[in-house]
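Presented below is the structure to which this report refers.
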Amino acid sequence: MSDYDVVVVGAGFAGLQLVHECRKRGLSVHVFERASGVGGTWYWNRYPGARCDVESMWYSYSFSPEIEQEWTWTEKCATQSEILRYLEFVADKLSLRDAITLDTSVTDVVFDDTTALWSVATDSGVTVTSRFVIMATGCLSTGNMPDMPGVHTFHGGSYHTGSWPHDGVDFTGKKVAVIGTGSSGVQMIPLIAQDAEELVVFQRTPNFVVHARNAPLTPEFVTDIKSRYASLRDESRWSNSGKPGRETLPSALDQSESERNARYEAQWEAGGAVITATYADILTNQESNDTLTEFLRKKIRKTVTDPETAERLTPYGFPVGAKRVCVGTDYYETYNRDNVTLVDIRTDPIVAIDPEGIRTEKSKYDFDEIVFATGYDAMTGSLKRINIRGRNSVALKEQWENGPKTYLGLAVNGFPNLFLVTGPGSPSVLSNVVTSIEQHVEFIVDHLVFLDASGFTVSEANDDAQEAWVAHVNDIADSTLFPKANSWYTGANVPGKPRVFMPYVAGVGNYRAICDKVVAAEYEGFTMTRP
Ligand code: N01
C-alpha cells in the first residue's frame with residue numbers, strides 16, 4: 001500500500017492541472033514544490049520586463065471553460081506578475097493548495113522492483129511512497145551559471161534571471177553589467193538602461209530580435225475571444241504552434257522580393273516571433289530563410305545609429321528561427337543611448353570576475369551589479385539534478401549520459417510508472433507550452449485510469465518504441481534547419497552537455513494525432529503488467 005496514487009514534482013502550469021485531473025478521476029495526489037508558492041517558472045522569473053511572448057489569451061488553460069470566462073487578461077502579452085496571479089487564482093478556484101507542499105525539494109525518486117512502488121524523498125526529511133510519479137519540473141528551471149574565474153569574489157550584487165530577488169533590484173544610478181542576450185536579456189536590457197547610470201552588455205552570440213508590440217487588450221477583443229474560445233482552443237490543439245492558426249504561404253521563393261518584404265513588414269509591425277511562420281518553408285529551406293534573415297539584418301542597421309554597434313548586434317552563421325527568436329520592446333533602440341555599451345565577448349572574452357567587476361582580455365569594467373541572463377540547462381537539467389533511479393537501481397542521469405531518450409517525451413524505458421510532462425522528445429518548448437502541457441497531462445492521467453481499470457499495476461515504455469521515437473524526433477529535426485544552430489535546443493549552451501536535438505519539431509497537432517493512435521491501440525509502445 002502506498003501513501004499516494006500519484007506524486008507530482010513541481011507546482012507550475014503542469015503540476016496544478018495534474019492535481020485537478022487526478023482528483024477528478026479519484027486518484028490521490030500530492031505535489032512537492034521547491035518554491036514558497038505555486039507558479040513554477042513564473043514564481044522565479046521576476047526580473048525587470050519578464051513577460052510571456054505567447055499571447056495571454058492562448059497562454060492559459062483551456063480545460064476549464066469556467067476559468068476561461070472568469071479570468072480576464074489585461075495585456076496582449078502578460079507580465080510575470082499577471083501570470084503568477086492567474087496561477088494563484090486557479091489554485092484557489094480549484095482548491096488545489098492542500099495537495100501541495102511548498103518549500104520542499106525532491107532529492108530522490110527511487111523505484112522498488114519488489115513492490116513496484118516509488119519512494120520519493122525530500123530535503124525536509126519527509127519520504128513518501130507512491131504508485132506513480134509525474135515529473136512536472138519544467139523545461140527551463142535549472143539555471144545555467146557560467147563557471148567564470150572569480151565569479152564568487154564580486155563585492156556587488158549578483159543575480160541570475162531565473163532566481164530573481166522577490167523584493168526586486170533597484171538599478172537607479174548604478175553601474176550594471178548584463179551577461180547574455182537571449183530572451184531574458186532582451187526583455188530586461190531596455191528597462192535596466194532606463195534606470196542605471198551605466199549599462200554594459202556582454203554579448204556572446206547576437207540573436208534576432210523582433211518587436212512584441214505589446215498593448216492593453218480592449219474589452220471588445222476579450223469578449224469576442226471568450227465567445228469563441230471553444231473553437232479557437234480546438235484549433236490550437238491541432239495546430240503546429242499550439243495557438244490558433246494564421247495564414248501561411250508555402251514558400252518565400254514563390255513571391256517577388258517586394259511582395260515578400262511587404263509581408264515581412266506587415267508581420268514586423270504586428271510583432272511577435274511568428275514572423276518565422278510567414279512562409280511555411282522558412283525553417284526548412286535555407287534560401288527562403290535567407291530572405292527573412294536579410295530583412296531582419298536591415299532592420300538592425302536601420303535602427304542602431306552607430307554602424308559598429310549595429311554590426312556587432314547582427315547575427316550571422318545560423319538560420320533565423322533555429323535559435324529562439326527573441327521578442328522585445330525597444331531592444332535595438334536601447335543601444336542608441338549614451339549610457340549603454342555593447343561588448344562582444346567573442347572578440348574580447350571575459351577572463352575573470354573580480355571584487356570590483358569584470359575583466360576582459362582588453363579592458364576592465366567596474367560594476368555595482370552583475371546580472372547573469374545566461375539561460376538554463378534546458379529540458380534535462382531539472383530531471384538530472386534529482387536522484388531518479390528506476391529498475392535495478394539504474395540512475396536516469398547515467399542512462400542519459402549520451403543524451404536523453406524517451407518514448408513520446410512522456411516515459412522512459414527502465415523507469416516504470418514514471419512520467420514526464422514536456423520531456424525531451426515532446427513539442428514542449430517549440431509550441432505554446434500550455435497547450436502541450438494540457439495534452440500531456442490528459443494523456444498521462446487517462447493512462448493511469450486505463451491501467452487501474454484493466455487491472456495493470458505497472459506500465460513501462462518499451463525499448464524498441466523508445467528507439468523508434470528518438471529516431472523519428474531526429475529524422476524530423478534533420479529535415480529542418482533547427483540543428484544548424486548552436487542552441488539550448490541541442491544542449492550547446494551548457495559546457496559538456498551531449499549534443500542532441502531535444503524538442504519534437506513536427507508540431508502539436510501531429511504529435512497529438514500520434515498520441516491518439518497510441519491510445520487507440522491500447523497504449524502501443526508500453527508494456528503493461530499485472531501483479
Ligand atoms: O537564455 P538563453 P534566456 N558567457 O539560453 C549567453 C524562455 N524565455 O534565459 O547564445 C557568456 O536564450 C548566451 O550566449 P550564446 C525562452 O524559451 C521566454 O534568455 O550561448 N554568455 C545567450 O546570449 C528562451 O529561449 C521568455 O552564445 C553566456 C544567453 O547567455 C529561454 O527561456 C522570456 C554564457 C542565454 O540565452 C531561455 O532564455 C525569457 C557564458 N558562459 C525566457 N553562457 C519569453 O516568453 C550563456 N551565455 C519572452
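Bear in mind that the values here come from a model prediction, so they are computed numbers and not experimental data. Counting from 1, the numbers follow the sequence of the chain as shown.
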Starting from the C-alpha separation in whole Å, work towards a yes-or-no answer on side chain to side chain contact (heavy atoms under 4.5 Å, CB included) for Ile83 and Thr79. CA-CA 6 Å; Ile83 302 172; Thr79 57; over 6 Å; no

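- Between Gln17 and Glu442 there is a side-chain heavy-atom pair separated by less than 4.5 Å.
- Salt-bridge check for Glu401 with Lys397: failed, with every basic side-chain N at 4.0 Å or more from each acidic carboxylate O.
- Residue Asp167 places its CG atom among 12 or fewer non-hydrogen atoms of other residues, nucleotides or ligands, all under 6.0 Å distant.
- Nearest approach of Phe419 to His447, heavy atoms of both residues: CZ-CD2, 3.6 Å.
- A distance below 6.0 Å separates the ring centres of Trp73 and Tyr86.
- Remark: the Thr435 side chain and the Asn432 side chain contain an N/O donor-acceptor pair separated by less than 3.5 Å.
- Side-chain contact check for Lys384 and Thr142: no donor-acceptor pair (N or O, by modelled atom type) lies under 3.5 Å.
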Can you check salt bridge (charged side-chain N to carboxylate O under 4.0 Å, His left out) on Arg391 and Glu460, steps first, answer last? CA-CA 10 Å; Arg391 281 197 196 283; Glu460 179 178 352; 2.7 Å; yes

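- Between Arg237 and Ser62, the side chains place a donor N or O and an acceptor N or O closer than 3.5 Å (distance only, hydrogens not considered).
- Both tests do not hold together for Arg499 against Phe501: distance to the six-membered ring centre under 6.0 Å, angle to the ring axis within 45°.
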His440 and Thr422: CA distance, side-chain angles, deciding distance, side chain to side chain contact (heavy atoms under 4.5 Å, CB included) verdict: CA-CA 7 Å; His440 298 181; Thr422 62; 3.9 Å; yes

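- When all heavy atoms of Ala322 and Leu481 are compared, the pair lying nearest together is CB-O, 3.6 Å.
- Under the 6.0 Å cut-off for aromatic ring centres, Phe13 and Tyr59 qualify, their centroids lying closer than that.
- The minimum heavy-atom distance between Leu96 and Val90, with the atom names listed, is CD1-O, 4.2 Å.
- At a threshold of 4.0 Å, the pair Arg51-Glu82 does not count as salt-bridged, since none of the basic side-chain nitrogens sits closer than that to a carboxylate oxygen.
- Considering Lys93, Arg233, Arg228 in turn, Arg233 is the only one that fulfils the salt bridge (Lys or Arg N to Asp or Glu O under 4.0 Å) rule with Glu68.
- Residues Asp53 and Arg324 meet the side-chain proximity criterion, which asks for heavy atoms closer than 4.5 Å.
- Between Asp103 and Arg34, no side-chain nitrogen of the basic residue sits less than 4.0 Å from a carboxylate oxygen of the acidic one, so the salt-bridge criterion is not met.
- Figure legend: cation-pi geometry between Arg512 and Trp238, with NZ or CZ positioned under 6.0 Å from the six-membered ring centre and within 45° of its axis.
- Ion pairing between Lys24 and Glu21 holds under the 4.0 Å rule for side-chain N and carboxylate O.
- Checked against the 6.0 Å centroid threshold, Phe89 and Trp71 count as a close aromatic pair.
- When all heavy atoms are compared, the tightest approach of Ser436 to Val508 is OG-CG1, 3.4 Å.
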Under the side chain to side chain contact (heavy atoms under 4.5 Å, CB included) criterion, do Lys405 and Gln399 qualify, and how do the steps go? CA-CA 9 Å; Lys405 286 186 174 183; Gln399 186 158 315; over 6 Å; no

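- Tyr511 and Phe443 have their aromatic ring centers separated by at least 6.0 angstrom.
- Between Asp452 and Arg131 there is a salt bridge, since at least one side-chain N of the basic residue sits less than 4.0 Å from a carboxylate O of the acidic one.
- When all heavy atoms of Thr374 and Met145 are compared, the pair lying nearest together is OG1-CA, 4.4 Å.
- In this structure, Phe132 has its ring center no closer than 6.0 Å to that of Tyr4.
- Looking at Ile514 and His472, their side chains come closer than 4.5 Å, going by heavy atoms from C-beta outward.
- Looking only at atom types and distance, the side chain of Asp123 has no donor-acceptor partner in the side chain of Thr107 under 3.5 Å away.
- Panel note: side chain Ser124, backbone Thr122; no donor-acceptor pair is recorded below 3.5 Å.
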Using the side chain to side chain contact (heavy atoms under 4.5 Å, CB included) rule, take Val209 and Val325 through it: C-alpha gap first, then chi angles, then the decisive distance, then the call. CA-CA 6 Å; Val209 182; Val325 169; over 6 Å; no

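- Using modelled atom types and a 3.5 Å distance limit, the side chains of Asn214 and Glu75 yield a donor-acceptor pair.
- The structure places OG of Ser393 at 9.5 Å from CG of Asp112, a figure rounded to the nearest 0.5 Å.
- In this structure, the side chains of Phe482 and Leu430 come closer than 4.5 Å at one or more pairs of heavy atoms.
- Separation of the Tyr61 and His20 ring centroids does not fall under the 6.0 Å cut-off.
- Between the side chains of Asn387 and Arg389, at least one donor N or O lies within less than 3.5 Å of an accepting N or O.
- Proximity of the aromatic rings of Tyr159 and Phe372 is defined here by a centroid distance below 6.0 angstrom, and this criterion is not met.
- Taking CG from Leu84 and CG from Asn45, the interatomic distance works out to 11.0 Å, rounded to the nearest 0.5 Å.
- In this structure, the side chains of Leu16 and Ile100 come closer than 4.5 Å at one or more pairs of heavy atoms.
- If you look at Tyr523 and Phe450, their ring centroids are closer than 6.0 Å.
- Leu420 is listed as a side-chain neighbour of Leu383, based on a closest heavy-atom distance under 4.5 Å.
- Within a 6.0 Å radius of CD in Glu524, other residues, nucleotides and ligands contribute 12 heavy atoms or fewer.
- In this structure, Lys323 is not positioned above the aromatic face of Phe208 in the sense of NZ or CZ being under 6.0 Å from the six-membered ring centre and within 45° of the axis.
- Aromatic ring pairs are classed by plane angle as parallel below 30°, tilted from 30° to 60° and perpendicular above 60°; the pair Tyr504 and Trp469 is tilted.
- At most 12 non-hydrogen atoms from other residues, nucleotides or ligands lie less than 6.0 angstrom from CG of Asp147.
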